[in-house]
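Notes follow the structure.
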Amino acid sequence: MNGFSGWAARYREPVGRMTWDELPTALRRRVEGALGGEVVEAESQAEGYSPGSADRVVVRGGGRAFVKTVSRSRNADAFDLHRREADVMVQLPQSVRAPRLLTAIEDTADGDDWIALVLSDVDGRHPGGSRDGTDIRAVLDALDTLPVATGALAARPRLAAELAGAFDAWDRMLATGLPSSIPQPVAAAAQAFARTAAGSAALLDGDHLVHVDCRADNLLVDHAGQVWVLDWPWAAVGAHWFDPLAYLLDVLVRGESTDVEAHLAEHPVFAGLTAPTVDAVLAGLAGTFFENAARPAIPQMPTLRDFQRREGLAAAEWLLRRWTTR
């Protein structure tokens, strides 16, 4: 699984967080060694969709950190994603408002392969909880600070290439028969969606660092109102406006009461972004999510396909509204 097929189909369903105390003793001791003291308090973080552990920990003496772990046997894909995230985070410049990777630990414990990422702790909340759109400007401001990719970051995958196959989803679905999960108003416009999405992945080319997974559960708003960007395994190089557009889609999926078109028109991160480009990318996103939603369910992730269907529906309905208001 790679590219947008991965971004649209990865871990959206909690499968039961492990807690700090459930981790192998040997792994916990290595983390404590890296932190310079015994962990005396650990608060498991229920948000998010990783099948591993995620704990805010306090070390004797008052030091704090965020520790996320997973074993290969629990989920081999998640194990590899933790490795990828560690590779990205050591490359992030200080200008990117993201937790700092203090260390990455791999260990063979209890007959399994484990990985632990130990990060600086950010005390905050996920945006959008009030459902009134008040956090959107701060999120867009934070995403606008993501820099041009230089050095090792410039070698990250190109977003346009990663999503090229995924954005052909409408053509594949029309050729084989539209999934029954696509509602009638969207199905009736499927040919128009396919025409609009044609070649749309190429529009995502660019020279900026792109997070590629900007949903509320991957963002934190701290007590000063600044937004921090979490979870970086899918980082790529592409269009500067892609993350902000994806976040506006997430706003719609979560049902926030706000005018996303006003943000498109007013925020400087979207400067120069044309209406046809927005249409084409929304069409590509809608098709990709609908195609993934029609695939067989994944064991232990029973709501994944419904989530993908809702993402596809939000993108399709947004595009239909754009077409009818011109």
Side-chain angles (χ1 to χ4, degrees), residues 2-10 84-85 88 92 95-98 127 136-150 153-169 196-219 227 229-254 260-261 263-289 292 308 311-312 314-316 318-319 322:
N2 62 4
F4 193 78
S5 296
W7 185 75
R10 55 190 174 273
R84 287 174 55 174
E85 181 174 9
V88 172
L92 292 180
S95 60
V96 176
R97 199 176 301 141
I136 295 175
R137 177 76 193 204
V139 171
L140 299 183
D141 287 347
L143 297 177
D144 198 12
T145 68
L146 295 188
V148 170
T150 59
L153 285 175
R156 298 299 304 170
R158 305 293 301 190
L159 184 62
E162 288 284 284
L163 307 193
F167 273 25
D168 292 336
T196 304
S200 58
L203 300 172
L204 300 175
D205 200 19
D207 58 2
H208 275 71
L209 172 66
V210 185
H211 179 274
V212 193
D213 200 9
C214 276
R215 308 183 320 269
D217 57 288
N218 284 337
L219 302 163
V227 173
V229 186
L230 319 176
D231 296 336
W232 286 87
W234 301 95
V237 180
H240 188 44
W241 46 262
F242 178 76
D243 287 332
L245 185 67
Y247 183 74
L248 291 184
L249 178 59
D250 184 57
V251 164
L252 293 176
V253 172
R254 289 182 286 106
V260 292
E261 289 292 335
H263 291 287
L264 271 178
E266 298 167 5
H267 198 281
V269 75
F270 298 116
L273 181 59
T274 67
T277 294
V278 173
D279 290 355
V281 173
L282 288 178
L285 291 173
T288 301
F289 279 118
N292 281 318
Q308 292 167 335
E311 287 268 9
W318 186 4
L319 182 51
R322 288 173 59 85

How would you list, by chain and number, every residue that makes a ring-ring contact (aromatic ring centres under 6.0 Å, His included) with Trp241, sequence neighbours excluded?
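Testing Trp241 for ring-ring contact (aromatic ring centres under 6.0 Å, His included), a comparison that skips the adjacent residues, returns none.
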[atom1] of [X] to [atom2] of [Y]: how many Å apart, nearest 0.5 Å?
X: Leu143; Y: His208; atom1: CG; atom2: NE2; result: 11.5 Å
X: Leu163; Y: Leu203; atom1: CG; atom2: CG; result: 11.5 Å
X: His263; Y: Leu140; atom1: NE2; atom2: CG; result: 6.5 Å
X: Leu209; Y: Arg156; atom1: CG; atom2: CZ; result: 9.0 Å

Can you give me the closest heavy-atom contact between [X] and [Y], atom names plus distance?
X: Trp318; Y: Glu261; result: NE1-OE2, 2.7 Å
X: Ala98; Y: Trp232; result: CB-NE1, 3.6 Å
X: Val269; Y: Pro244; result: CG2-CG, 3.6 Å
X: Ala154; Y: Ala149; result: CB-O, 3.6 Å
X: Ser200; Y: Val281; result: CB-N, 4.4 Å
X: Val210; Y: Gly238; result: CG2-N, 3.4 Å

Heavy-atom side-chain contact between [X] and [Y] under 4.5 Å:
X: Asp213; Y: Asp231; value: no
X: Leu264; Y: Leu245; value: yes
X: Leu219; Y: Val229; value: yes
X: Val96; Y: Pro147; value: yes

Suppose we screen for side chain to side chain contact (heavy atoms under 4.5 Å, CB included). Which residues come up paired with [X], at least two apart in sequence or across chains?
X: Ala164; result: Ala201
X: Ala142; result: Arg97, Val227
X: Ala316; result: Val186, Phe193, Ala286, Phe290

Can any side-chain N or O of [X] pair as donor or acceptor with the backbone N or O of [Y] at less than 3.5 Å?
X: Gln308; Y: Phe289; value: no
X: Asn292; Y: Thr288; value: yes
X: Asp250; Y: Cys214; value: no

Residue pairs, two or more places apart or on separate chains, that pass salt bridge (Lys or Arg N to Asp or Glu O under 4.0 Å) and touch residues 273-287:
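Residue pairs with at least one partner in residues 273-287: Asp279-Arg322, Asp279-Arg326.
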Among residues at least two apart in sequence or on other chains, which ones pass salt bridge (Lys or Arg N to Asp or Glu O under 4.0 Å) with Asp243?
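Asp243: no salt bridge (Lys or Arg N to Asp or Glu O under 4.0 Å) contacts found.
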Contacts of type salt bridge (Lys or Arg N to Asp or Glu O under 4.0 Å), residue Arg158, not counting sequence neighbours
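Salt bridge (Lys or Arg N to Asp or Glu O under 4.0 Å) list for Arg158, sorted by chain: Asp205.
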Check the pair Ile136 / Leu248 against side-chain contact (heavy atoms from CB on, under 4.5 Å), numbers first and verdict last.
CA-CA 8 Å; Ile136 295 175; Leu248 291 184; 3.9 Å; yes
side-chain contact (heavy atoms from CB on, under 4.5 Å) evaluation trace for Phe270 with Val278
CA-CA 10 Å; Phe270 298 116; Val278 173; over 6 Å; no
Taking only residues two or more places apart in sequence, or in another chain, which ones meet [X] in a side-chain hydrogen bond (donor to acceptor under 3.5 Å, both in side chains)?
X: Thr277; answer: Thr274
X: Asp144; answer: His240
X: Asp141; answer: Arg137, His267

